[in-house]
Amino acid sequence: MPHATDIPAPPAAELARHFRARLAAETDCSDVHATLQARPDAIVVVDTRSPEAFAAGHVPGAVNIPPATMDAETLATHGDVLFVTYCWGPHCNGATKGAARIAELGFPVKEMLGGIWGWEMEGFALVGAPQDAVAS
């Protein structure tokens with residue numbers, strides 16, 4: 001059975017570059033939530049799921065732009081912001097596809113690790129979710 005020590009770790013400087021590069025392209029649900037609370041105009045949270053999934057529940061303030069429908073004109077309407085993409089969770093690559101498309105179109109972007117699953121696991125509420133509909 002393989003062990004974690006079977007393949008040696010790279011030198012510390014190489015590891016630091018690797019992890020800094022990941023942080024430049026990724027964020028997590030807690031950091032997105034904190035940004036939405038403190039500086040909501042600094043980011044646009046992009047739900048890359050279907051319109052039906054978005055309507056059933058999404059991150060507060062998110063916009064629904066599936067990757068196949070992304071274009072520079074739509075993204076430019078949001079101004080000079082950081083885009084943050086998400087989808088269902090760790091098993092879904094819609095956020096990665098969306099982030100790649102946004103970057104290809106020339107806009108700054110990060111992927112929110114965890115997606116909807118991570119958002120809810122952190123204890124953050126969704127809007128448009130069934131419990132919201134009952135409360136309305």
Linked, directly or transitively: [X] and [Y] (ILVMFWY side chains, under 4.5 Å):
{"X": "Met70", "Y": "Phe107", "value": "yes"}
{"X": "Leu105", "Y": "Val81", "value": "yes"}
{"X": "Leu113", "Y": "Val84", "value": "no"}
{"X": "Trp117", "Y": "Phe124", "value": "no"}
{"X": "Val63", "Y": "Leu126", "value": "no"}

Tell me if a side-chain donor or acceptor on [X] pairs with a main-chain N or O of [Y] at a distance below 3.5 Å.
{"X": "Asn64", "Y": "Arg49", "value": "yes"}
{"X": "Thr69", "Y": "Ile65", "value": "no"}
{"X": "Asp31", "Y": "Asp28", "value": "no"}
{"X": "His58", "Y": "Phe54", "value": "yes"}
{"X": "Thr48", "Y": "Gly98", "value": "no"}

Heavy-atom closest contact ([X] atom, [Y] atom, distance):
{"X": "Ala62", "Y": "Tyr86", "answer": "CB-OH, 3.7 Å"}
{"X": "Trp88", "Y": "Ala53", "answer": "CZ2-CB, 3.5 Å"}
{"X": "Gly115", "Y": "Cys29", "answer": "O-SG, 3.8 Å"}
{"X": "Cys87", "Y": "Ala95", "answer": "SG-N, 3.5 Å"}
{"X": "Gly94", "Y": "Pro67", "answer": "O-CG, 3.8 Å"}

**Qualifying residues under side-chain contact (heavy atoms from CB on, under 4.5 Å), relative to Leu36, sequence neighbours excluded** = Val32, Ile43, Val45, Val59, Trp119

Rounded distance [0.5 Å steps], [atom1] in [X] versus [atom2] in [Y]:
{"X": "Thr35", "Y": "Met112", "atom1": "OG1", "atom2": "CE", "value": "11.5 Å"}
{"X": "Arg22", "Y": "Thr27", "atom1": "CZ", "atom2": "OG1", "value": "12.0 Å"}
{"X": "Phe19", "Y": "Glu26", "atom1": "CZ", "atom2": "CD", "value": "10.5 Å"}
{"X": "Ile102", "Y": "Asp71", "atom1": "CD1", "atom2": "CG", "value": "11.0 Å"}
{"X": "Arg101", "Y": "Leu75", "atom1": "CZ", "atom2": "CG", "value": "8.5 Å"}
{"X": "Lys97", "Y": "Cys92", "atom1": "NZ", "atom2": "SG", "value": "7.5 Å"}

**Message:** If we count only N and O atoms by modelled type, under 3.5 Å, do the side chains of Thr96 and Glu111 hold a donor and an acceptor together?
**Reply:** yes

**Prompt:** Considering residues, nucleotides and ligands other than Asp80, do more than 12 of their heavy atoms fall under 6.0 Å from its CG?
**Reply:** no

